[in-house]
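Working notes, structure below.
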Amino acid sequence: MIVVTGATGNVGGNVVRQLLDAGECVRVVTRDPVGARLPDGVEVAGGDLAEPSTLVSAFDGAERMFLFPVPSTAVSVAELAKARGVRRVVVLSSSAVVNQADNPISDMHRTVERALEKSGLDWTFVRPGGFATNTLSWAASVRAEGVVRAPYPDASVNLIHEADIAAVATTALLEDGHVGASYELTGPASMTQAEQVRAIGVAIDREVRFEEQSPEQARASMLESLPAPIVDILLGYWASMVGTRAPVLPTVEQVTGRPARSYAQWAADHAEDFGAAS
Ligand SMILES: NC(=O)c1ccc[n+]([C@@H]2O[C@H](COP(=O)([O-])OP(=O)(O)OC[C@H]3O[C@@H](n4cnc5c(N)ncnc54)[C@H](OP(=O)(O)O)[C@@H]3O)[C@@H](O)[C@H]2O)c1
């Protein structure tokens, strides 16, 4: 039995599907076991990673776990998992751990990684860079007006498909040889944000315009949905990526044996989110 936390999310949802495709028995943990939309064939356990006492039955009888990062309780969750019989944990972490000085993102992921390092469990850290799903924040204006409003059209990025993050995690859950490994992940190619917007247009067969915002305009609109420290990290990152190329790492292919999916593929997979007819 493999327990998947974060199972209703972008990455965890793909971990669940890939484990089912591999014929594994999967138990998902969610705070909303009644309302959660989950695939057939999974066991569902209610539980909250922020309240470890709610996770006892979710962990019972499981040997492996995909762990969504919740720093405040990571030590207790790891202790409980070990006490209930879990042996191997694959952790959703972030490349911020290696690429960013102390900030709220790198700090939270380092906290979770340290908890696992000290736990006595077998761990693997999956450290993706920016998710392609971050650009779903453009979906509403693309659907309504065919427009993306964002700063820094010339900033280079190399966003990763959630299915590739999940594929690395699933491989580490199912195969031997990944215990103690930390896998930093990127997508397969550097591209600018303007090129991403063009890729969305191709995926939905509609012209999509990039309307450049000033950093100040972007900051004001991003603050509606994100905390200020995260907004400032993102704006600083994009500013630093103008006139340079984003790193391209071979890790997805090295671990899974298949190349990382392109942003164009991601946009095609999410065409309905951007308004394409189903
Ligand atoms: N976005 C990026 O560019 C990026 C880059 C690197 C790393 N990351 C990291 O990736 C993570 C986000 O992954 P994602 O996009 O797959 O997540 P997501 O789609 O936002 O989904 C969040 C998932 O976590 C579960 N969850 C949250 N709090 C929980 C709790 N207290 N107890 C149990 N489950 C809880 C939710 O489950 P229920 O609601 O069903 O309980 C849901 O399945 C973040 O930690 C982020 O720091 C993101």
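Ligands are counted one by one from 1 in listed order, and the atoms in each one are counted from 1 as well. Index from 1, following the sequence.
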Could you go through residues 68-82 and list every donor-acceptor pair under 3.5 Å that involves a side-chain atom there, pairing it with any protein atom two or more places apart or in another chain?
| unit_1 | atom_1 | unit_2 | atom_2 | d |
| --- | --- | --- | --- | --- |
| T73 | OG1 | L49 | O | 2.5 |
| K82 | NZ | S119 | O | 3.3 |

Practice task
Kindly confirm or rule out an N or O of V11 lying under 3.5 angstrom from an N or O of ligand 1.
Solution key: yes
Problem - contact_flag L92 ligand 1 heavy-atom lt 4.0 Å - result: yes
Taking only distance into account, with no hydrogens and no angle test, what donor-acceptor pairs under 3.5 Å do side-chain atoms of residues 238-251 form with protein atoms, sequence neighbours excluded?
| unit_1 | atom_1 | unit_2 | atom_2 | d |
| --- | --- | --- | --- | --- |
| S240 | OG | Y237 | O | 2.6 |
| T251 | OG1 | E184 | O | 2.6 |

Fill in the blank from the handout: With heavy atoms and a 4.0 Å threshold, my read on which part of D48 contacts ligand 1 is both
Handout entry: For atom 6 (C) of ligand 1, the protein heavy atom that lies nearest, with its residue and separation
Key = P128 O, 3.3 Å
Practice task
Take every heavy atom of H109, measure it against each atom of ligand 1, and state whether any distance is under 4.0 Å.
Solution key: yes
Handout entry: Nearest-contact summary for atom 45 (O) of ligand 1 - protein heavy atom, Å
Key = P69 CG, 3.2 Å
Exercise for the section: Provide, to 0.1 Å, the distance between atom 20 (O) of ligand 1 and the closest protein heavy atom, together with that atom's residue and name. Expected result: N10 ND2, 4.7 Å
Practice task
Number the atoms of ligand 1 from 1 as they appear, then name those within less than 4.0 Å of a heavy atom of G130, with their elements.
Solution key: 3 (O)
Problem - Polar proximity ligand 1 side, S94 side, N/O cut 3.5 Å exclusive - result: no
Practice task
Give yes or no for whether the N/O distance cutoff of 3.5 Å, strictly under, is met between T133 and ligand 1.
Solution key: no
Exercise for the section: Report yes or no: does N134 have a heavy atom closer than 4.0 Å to ligand 1? Expected result: yes
Handout entry: pair V255-H178: side-chain heavy atoms closer than 4.5 Å
Key = yes
Practice task
Would you please determine whether S93 falls within less than 4.0 Å of ligand 1 on a heavy-atom basis?
Solution key: yes
Handout entry: Validation row: W266, L159 side chains within 4.5 angstrom (heavy atoms)
Key = no
Fill in the blank from the handout: Within 4.0 Å of some non-hydrogen atom of T30, the atoms of ligand 1 are 38 (P), 40 (O), 41 (O)
Practice task
Could you verify whether a donor N or O on one side chain and an acceptor N or O on the other, from E162 and T133, lie under 3.5 Å apart?
Solution key: no
Handout entry: A7 near ligand 1 by a heavy-atom separation under 4.0 Å
Key = yes
Completion exercise
Per-atom filter on ligand 1: closer than 4.0 angstrom to a heavy atom of A50 are 31 (N)
Exercise for the section: Mind listing the closest non-hydrogen atom pair of F66 and G12 along with its distance? Expected result: CE2-CA, 3.9 Å
Problem - Per-atom contacts of ligand 1 with T8, taking only distances under 4.0 Å to non-hydrogen atoms - result: 36 (C), 37 (O), 38 (P), 39 (O), 40 (O), 42 (C), 43 (O)
Practice task
Go through ligand 1 atom by atom and flag the ones less than 4.0 Å from a non-hydrogen atom of G9.
Solution key: 16 (O), 18 (P), 19 (O), 21 (O), 42 (C), 43 (O)
Exercise for the section: Show which atoms of ligand 1 fall inside a sub-4.0 Å distance from at least one heavy-atom site of L49. Expected result: 30 (C), 31 (N), 32 (N), 33 (C), 34 (N)
Practice task
Decide, yes or no, whether a salt bridge links E24 with R64 under the criterion of side-chain N to carboxylate O below 4.0 Å.
Solution key: no
Problem - Sub-4.0 Å heavy-atom approach of G13 to ligand 1 - result: no
Problem - Polar proximity ligand 1 side, V29 side, N/O cut 3.5 Å exclusive - result: no
Handout entry: Top protein contact for atom 25 (C) of ligand 1, by heavy-atom distance
Key = G6 CA, 3.6 Å
Handout entry: Nearest neighbour in protein (non-hydrogen) for atom 10 (O) of ligand 1
Key = F131 CZ, 3.4 Å
Handout entry: Check: L55 and V3 side chains under 4.5 Å, non-hydrogen atoms
Key = no
Problem - Backbone N/O of Q265 and side chain of S262: donor-acceptor pair under 3.5 Å - result: yes
Exercise for the section: Take the angle between the ring planes of H161 and H270 and call it parallel below 30°, perpendicular above 60°, tilted in between. Expected result: tilted
Handout entry: Crowding at CD, E207 (>12 non-hydrogen neighbours, <6.0 Å)
Key = no
Exercise for the section: Could you please spell out the steps behind the ring-ring contact (aromatic ring centres under 6.0 Å, His included) verdict for H109 and F125? Expected result: CA-CA 10 Å; H109 288 290; F125 299 151; over 10 Å; no
Problem - Minimum-distance protein heavy atom relative to atom 12 (C) of ligand 1 - result: F68 CE1, 3.6 Å
Handout entry: Protein residue, atom and distance nearest to atom 39 (O) of ligand 1, heavy-atom basis
Key = R31 NH2, 2.9 Å
Practice task
Please indicate whether D205 has more than 12 foreign heavy atoms, meaning atoms of other residues, nucleotides or ligands, lying under 6.0 Å from its CG.
Solution key: no
Handout entry: Q18 side chain vs A163 backbone, donor-acceptor pair below 3.5 Å
Key = yes
